[in-house]
Amino acid sequence: MRNEEIAKTLAAIGSFLEMDEVAFKPRAYARAAEAISNLEEETSEIYKKGGIKALEEIPGVGASIAEKIEELLKTGKLQYYEDLKKKHPINVAELSSIEGLGPKTMQLLYKKLGVKNLAGLEKAVKDGKIRKLPRFGQKSEEKIEKGIEAYHRHSGRFPIGEVAGLAESIKDMLWKVPGVSRVDIAGSFRRRKETVGDLDMLVISTRPKAVMDAFISQPDVIEVIAHGNTKSSVRLKIGIDVDLRVVNAESYGAALAYFTGSKPHNVAMRQMAQDKGWKLNEYGLFRKSGKGWIGLAGKTEEEIYEKLGLEYVPPEMREDLGELDLAAVHKLPRLIGYKDLVGDLQVQSNWTDGANSIEEMALAAEKMGYKYVAITDHTKRLAMAHGLDEAGLAKQGVEIDRVNKKLKGRIKVLKGTECDVLKDGTLDISDKTLAKLDIVGVSIHSYFDLPLKEQTARLERAMRNPNADIVFHPTCRLINKREPISIDMDRVIKVAKETGMVLEIDGIPDRLDLKDEYIRKAVEVGVKLSVDSDAHAIAHLPFASYGLAQARRGWAKRSDIVNTWPLERMKKMLKS
DNA sequence: GCCGTTTTCGGCCCGACTGTTTTCAGTCG
C-alpha cells in the first residue's frame with residue numbers, strides 16, 4: 001500500500017471522527033495523514049526496515065496510529081476504518097476535494113439527502129435540494145456547484161515555474177493600484193516549493209477597497225470566491241486560486257511570516273511564543289499586560305524571529321524540518337545565494353535537440369554572468385534527438401575550439417555530453433571518446449520502469465565508469481506527468497560519495513531533479529551537486545534559478561555546488 | 001491521539017469570510 005492511500009485513509013478517519021464530534025483526535029489523524037503524504041520514502045519500506053517502532057518515529061504518528069498503519073500494510077484493510085465507514089457510508093476522500101465541503105456539511109448532506117459521493121452531490125445540486133436544507137440557501141448551493149465544476153476542470157498543483165510569470169504579473173498589476181506601497185507573493189511560492197496549490201499575495205495599502213476591486217476585476221478571473229475588506233480570493237482561468245490580503249505596515253512582517261508558512265513552521269513558532277506567555281498571530285507578536293496585549297514586534301519578519309530568540313530563517317527552509325532548532329542556537333547553514341553560480345554544466349545546442357548554436361548559447365551564458373558553460377548534447381541512442389556518435393562529438397569539439405578562440409577571455413565553453421545510460425548500465429559512447437571530453441554527464445532516457453534493484457544497479461554501473469562526472473536529472477521524474485524511476489537513492493548517494501560523482505539538480509520547472517529532500521541527504525554526507533538549467537534554448541538558461549531554489553530548500557551551501565567554483569577548481573573536482 | 005529542555009498528564013494555533021443567522025457554525029489557510 002502506497003503512502004497516498006495510507007494518508008487518504010487516515011484523513012478520512014479524521015473526518016469521520018469530526019462528524020462524531022470527537023475531541024482532538026480528528027486533528028491528530030489529519031496531522032498523521034499530512035506527515036505520511038509528505039514522506040519521500042514509502043511507509044511500507046520504513047516498516048520493512050524498522051517495524052512498528054520506526055513508524056512511531058514519523059512525527060505525528062504515535063503508538064495507536066502506528067498500529068493502524070501496520071494493520072493496513074499487513075492486511076490491506078483496517079477494521080477501525082471499516083467500522084467508521086459502516087457508521088458513515090460517505091466517500092470522504094472524494095467529497096473533501098470539493099472546495100467548501102467539510103465533514104460537518106458532508107454529514108448533513110448524507111443525513112438529509114442521502115448524499116454519499118460526488119455523483120450523489122451532483123444530483124442533489126441539479127435537483128435544487130441543497131438550498132432547502134437548514135442553514136443553506138441558494139448561495140451555498142451555487143458555491144458547491146462551482147466547487148464541482150472546478151474539481152472537474154482542475155485538480156492538482158502547478159509546477160512553480162509554470163505559474164511564476166503569472167504571479168509576477170499580478171504583482172506588477174497590484175503595484176500600479178494607487179495607495180499601494182508594498183506587494184509580496186507569500187505562501188509556498190515564496191518558500192519555492194516545487195509545486196504550488198495556490199498563490200498568496202500580500203499588500204500594504206492606504207486604500208484597501210481600490211486594491212480589492214482591481215484584484216477581483218483582473219481579466220483572467222472566472223470566479224470571485226471571497227471579497228472582503230482585508231481578504232479576497234479569486235479563481236483564474238487556468239484553474240489556480242489566488243488569495244489577496246491587505247494589511248497595514250505595522251503588522252506587515254507578521255502577516256508576511258504568517259502567510260508564507262509553512263503551516264507546521266508557523267505552528268511551531270506560535271508554540272514558542274506561547275511558551276513565553278506571548279501570542280503570535282498575523283498581526284504581530286504580543287505580550288500580555290493586564291487585560292490587553294502589548295505589541296512586541298510585527299513590522300518585519302526579522303524582528304519577530306529576533307524577539308523569539310531565533311536567527312532569521314530563509315523562506316525556503318520554513319518547513320519545520322529542524323530549522324527552528326538550528327535557528328535557536330544560531331547555527332543555520334548559510335544557503336547558496338541566487339547569484340552564486342558561475343557556470344552551467346548542462347546545456348544543449350542545435351547539434352542535437354537544442355534551438356541555438358554553440359556560439360549563441362555561449363554568448364547567452366556570458367550574459368547570465370557565467371565564466372563557463374558545458375555543451376552537453378545527447379548521444380546516439382537518442383535517435384529522436386539526433387544524438388551524436390563518436391565522430392559527431394569529435395566534430396563538435398572542433399567547433400567548440402573555434403568558439404573558444406573567438407570568445408577568449410569572456411567565457412569558456414567546455415566539451416561535454418549528456419551520455420545515454422543503456423539498459424545494462426553501460427554508456428553508449430566509447431570510453432576513449434568520453435576520456436577526451438571535459439565533462440561527461442550520464443542520464444537515463446529509457447527503461448524507466450525497471451524494478452528497484454535492477455534500476456539502481458544500472459545507474460551504479462554508469463556512475464562507476466571512470467569517465468562519468470555527473471548524473472543528470474537522477475530520478476527522471478516529470479512533475480505531474482511521470483513518476484520518478486524506482487531507485488534506491490541512499491545507495492546512489494553512497495556511490496556518489498565513494499566515487500566523487502556529482503549529482504545534478506536539473507532546473508527545468510517540471511523536473512527539479514534532484515528534489516529538495518534528496519538534496520538535503522546528499523549535502524548531509526558531503527556529496528557535491530551541480531545546479532544546471534538543462535537549457536534547450538537561450539531562453540531556458542534562467543531555469544537554473546529554480547534549481548537554486550531547490551538547492552536552498554535542501555539546505556545546500558555555496559560550497560556544496562560545484563558550479564559556484566572557479567573553472568580550475570571545479571574541473572579538478574571532477575573524476576579523472 | 002500525540003507530545004515533552006516547564007513533561008508520562010494535561011495541554012492541543014488562531015483569525016477572516018461566508019451565509020445564514022439575529023449571534024454563530026463551518027471552512028479555510
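Values reported hereafter were calculated over all heavy atoms of this structure, with side chains retained and with hydrogens, waters and symmetry mates removed. All chains are named by letter (A, B, ...) in the order of the sequence lines, taking the proteins before the strands, and each is independently numbered beginning at 1.
Between the CE atom of A:Met201 and the C1' atom of B:dG29 there is a distance of 17 Å, given to the nearest Å. Between the CH2 atom of A:Trp278 and the C1' atom of B:dC14 there is a distance of 19 Å, given to the nearest Å. Distance A:Phe136 CZ to B:dT21 C1': 14 Å, rounded to the nearest Å. Atom CG of A:Leu324 and atom P of B:dT5 are 14 Å apart (whole Å). Distance CG (A:Leu17) to P (B:dG1): 8 Å, rounded to an integer number of Å. Between the CG atom of A:Leu108 and the C1' atom of B:dA25 there is a distance of 12 Å, given to the nearest Å. One can place CG of A:Asp241 at 14 Å from C1' of B:dT27, the figure rounded to the nearest angstrom. Residue A:Lys279 contributes atom NZ, which lies 8 Å from atom P of B:dC14 at whole-angstrom precision.
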Does A:Asp184 form a salt bridge (charged side-chain N to carboxylate O under 4.0 Å, His left out) with A:Arg190? I'd like the steps, not just the answer. CA-CA 9 Å; A:Asp184 278 283; A:Arg190 182 159 178 249; 5.2 Å; no
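Spacing between B:dA16 and B:dG11 at atom P, rounded to whole Å, works out to 26 Å. Look at the P atom in both B:dT23 and B:dG29: the space between them is 29 Å, to the nearest Å. Between the C1' atoms of B:dC12 and B:dT8, the separation comes to 16 Å (whole Å). Remark: the separation of the P atoms in B:dT20 and B:dT27 is 14 Å, to the nearest Å. Annotation: B:dA25 and B:dT21 have their P atoms spaced 14 Å apart (nearest Å). Between B:dT6 and B:dG10, the two C1' atoms lie 13 Å apart (nearest whole Å).
Which of B:dT27, B:dG15, B:dT20 sits closest to the side chain of A:Lys139 comes down to B:dT20. Side-chain proximity of A:Ser140 to the nucleotides B:dT27, B:dC24, B:dT20 is greatest for B:dT20. The nucleotide whose nearest atom lies closest to any side-chain atom of A:Lys68 is, among B:dT27, B:dG29, B:dG1, B:dG1.
The shortest distance between side-chain heavy atoms of A:Ile170 and A:Gln218 falls below 4.5 Å. Under the 4.5 Å side-chain criterion, counting only non-hydrogen atoms from C-beta, A:Phe286 is not in contact with A:Leu296.
Residue A:Val22 is classed as having no contact, given no heavy-atom separation below 4.0 Å to the nucleic acid. Using a 4.0 Å heavy-atom criterion, one finds that A:Ala32 contacts no nucleic acid atom at all. Residue A:Pro59 is classed as a sugar-phosphate contact, given heavy-atom separations below 4.0 Å to backbone atoms only. Using a 4.0 Å heavy-atom cutoff across all strands shown, A:Asp275 reaches at least one base atom of the nucleic acid. As judged by a 4.0 angstrom heavy-atom cut-off over every strand, A:Gln138 is placed among residues touching the sugar-phosphate backbone only. Heavy atoms of A:Pro134 sit nowhere under 4.0 angstrom from any nucleic acid atom.
Stacking annotation: A:Phe24 is not stacked on the base of B:dC2 (requires ring centroids less than 5.5 angstrom apart and an interplanar angle below 30 degrees).
For B:dC17, one of the phosphate oxygens OP1 or OP2 lies less than 4.0 angstrom from a side-chain nitrogen or oxygen of A:Thr230. Between A:Gln274 and B:dC14, a side-chain N or O to OP1/OP2 separation shorter than 4.0 Å is present. The shortest distance between the side-chain N/O atoms of A:Lys25 and the OP1/OP2 oxygens of B:dG1 is below 4.0 Å. A close approach under 4.0 Å does occur between a side-chain nitrogen or oxygen of A:Asn281 and OP1 or OP2 of B:dG15. The phosphate of B:dG26 has OP1 or OP2 within less than 4.0 Å of a side-chain N or O from A:Lys104. OP1 or OP2 of B:dG15 has not a single side-chain nitrogen or oxygen of A:Lys231 nearer than 4.0 Å. The shortest distance between the side-chain N/O atoms of A:Thr105 and the OP1/OP2 oxygens of B:dT27 is below 4.0 Å.
Ranked by how close their nearest DNA chain B nucleotide is to the 5' end, A:Tyr29 and A:Glu21 are led by A:Tyr29. With DNA chain B read from its 5' end, the first of the two nearest nucleotides for A:Gly228 and A:Glu18 is the one closest to A:Gly228.
The partner of B:dT8 is absent, by the rule that a Watson-Crick or G-U pair needs both atom distances under 3.5 Å.
Both the sub-6.0 Å distance and the 45° axial angle are not jointly satisfied by A:Lys87 relative to the ring of A:Phe16. Relative to the six-membered ring of A:Tyr29, A:Arg27 misses at least one condition, a distance below 6.0 Å or an angle of at most 45° to the axis. With A:Trp278 as the aromatic partner, A:Lys288 does not meet the cation-pi criteria of under 6.0 angstrom to the ring centre and within 45 degrees of the ring axis.
Side chains of A:Lys68 and A:Ser64: a donor-acceptor N/O pair is present below 3.5 angstrom, by distance only.
Put simply, CZ on A:Phe259 and CG on A:Asp243 are 8.5 Å apart, with the number rounded to the nearest 0.5 Å.
On a pure distance criterion of 3.5 Å, no polar donor-acceptor pair joins the side chain of A:Tyr283 and the base of B:dG15.
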